Amino acid sequence: QVQLVESGGGLVQAGGSLRVSCAASGGTFSSYGMGWFRQAPGKEREFVATISWSGGSIYYADSVKGRFTISRDNAKNTVYLQMNSLKPDDTAVYYCAAGGHGYSSRASEEYHYWGQGTQVTVSA
């Protein structure tokens with residue numbers, strides 16, 4: 001069983017930056033594809049970014065492309081999401097997810113494990 005714990009969320013002004021992290025335990029992190037998703041109040045959960053087990057395949061949602069960067073450190077069992085030029089529309093709970101398939105995927109149903117989420121709030 002894989003446990004995922006997100007951290008690094010908080011309150012930031014528009015135009016600012018945050019880095020959220022997701023630490024994994026209980027599994028072979030280096031074999032998992034990882035994803036970040038977010039859910040804003042009253043909205044459905046949406047895909048943000050994904051990275052394959054090796055880091056060689058990365059995809060972003062159009063809404064964050066050029067502003068967010070996903071990365072991973074397999075030695076530390078951690079995946080990161082660097083968020084720059086934040087906008088109020090980025091306000092949401094951010095979740096990381098791990099997929100046993102190992103590849104990058106935009107589809108939430110392809111992820112087997114989920115963290116509890118970390119709140120990111122961007123003020124205007």
Side-chain angles (χ1 to χ4, degrees):
Q1 188 74 7
V2 176
Q3 291 82 44
L4 303 173
V5 179
E6 300 95 338
S7 62
L11 174 64
V12 64
Q13 289 187 331
S17 299
L18 275 178
R19 188 178 78 162
V20 291
S21 303
C22 173
S25 61
T28 307
F29 177 78
S30 60
S31 69
Y32 288 103
M34 299 297 296
W36 284 99
F37 294 78
R38 67 186 182 186
Q39 187 167 19
K43 295 186 178 180
E44 293 186 353
R45 183 171 57 192
E46 65 174 0
F47 164 75
V48 176
T50 180
I51 186 168
S52 62
W53 68 274
S54 67
S57 177
I58 291 174
Y59 296 99
Y60 297 98
D62 287 344
S63 58
V64 307
K65 199 173 297 182
R67 300 188 298 122
F68 290 12
T69 302
I70 189 172
S71 61
R72 66 188 298 159
D73 186 337
N74 287 344
K76 295 183 178 179
N77 290 352
T78 302
V79 63
Y80 305 97
L81 186 67
Q82 176 68 44
M83 303 182 290
N84 299 328
S85 302
L86 282 160
K87 306 174 182 180
D89 283 350
D90 294 318
T91 295
V93 177
Y94 283 71
Y95 298 92
C96 73
H101 42 68
Y103 49 78
S104 55
S105 174
R106 297 179 175 90
S108 61
E109 59 267 25
E110 294 191 2
Y111 290 90
H112 306 98
Y113 306 102
W114 292 81
Q116 293 300 306
T118 185
Q119 176 71 47
V120 172
T121 303
V122 185
S123 62

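Please read all numbers here as calculations on a predicted model, not as lab measurements.
Using a 4.5 Å heavy-atom cutoff, the side chains of Val120 and Met83 are in contact.
With hydrophobic clusters built from ILVMFWY side chains whose heavy atoms lie under 4.5 angstrom apart, Trp114 shares a cluster with Val93. Val2 and Tyr103 are assigned to two separate hydrophobic clusters, defined by single-linkage of ILVMFWY side chains at heavy-atom distances under 4.5 Å.
In this structure, Tyr59 and Ser104 approach most closely via the heavy-atom pair CE1-OG, 3.2 Å.
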- Message: Does Phe37 form a ring pair (Phe, Tyr, Trp, His ring centres under 6.0 Å) with Tyr111? I'd like the steps, not just the answer.
- Response: CA-CA 11 Å; Phe37 294 78; Tyr111 290 90; 5.4 Å; yes
- Item | Intermediate values then yes/no, side-chain hydrogen bond (donor to acceptor under 3.5 Å, both in side chains), Ser57 and Ser52 | CA-CA 5 Å; Ser57 177; Ser52 62; 4.8 Å; no
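A donor-acceptor pair under 3.5 Å is absent between the side-chain atoms of Thr118 and the main chain of Tyr94, judged by distance alone. Judged purely by atom type and a 3.5 angstrom limit, Tyr60 uses its side chain to pair as donor or acceptor with the backbone of Ile70.
Centroid-to-centroid, the aromatic rings of Phe68 and Trp36 stay 6.0 Å apart or farther.
To the nearest 0.5 Å, atoms OG (Ser85) and CZ (Arg67) are separated by 7.0 Å. Remark: Leu4 CG to Gln116 CD distance equals 9.5 Å, nearest 0.5 Å. Interatomic distance, CE of Met34 versus CG of Asn74, reported as 9.5 Å (0.5 Å rounding). Note: Arg72 CZ to Leu81 CG = 13.5 Å, rounded to the nearest 0.5 Å. To the nearest 0.5 Å, atoms CD1 (Ile58) and OG1 (Thr50) are separated by 9.0 Å. Here the straight-line distance linking atom CZ of Arg38 with atom OG of Ser63 works out to 4.5 Å at 0.5 Å rounding.
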For a quick test of your reading: what N or O donor-acceptor pairs under 3.5 Å do the side chains of residues 8-32 make, sequence neighbours left out?
| from | atom 1 | to | atom 2 | distance (Å) |
| --- | --- | --- | --- | --- |
| Ser17 | OG | Asn84 | OD1 | 2.9 |
| Ser25 | OG | Gln3 | OE1 | 3.4 |
| Ser31 | OG | Thr28 | O | 2.7 |

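A salt bridge links Lys65 with Asp62; the closest basic N to acidic carboxylate O contact falls under 4.0 Å.
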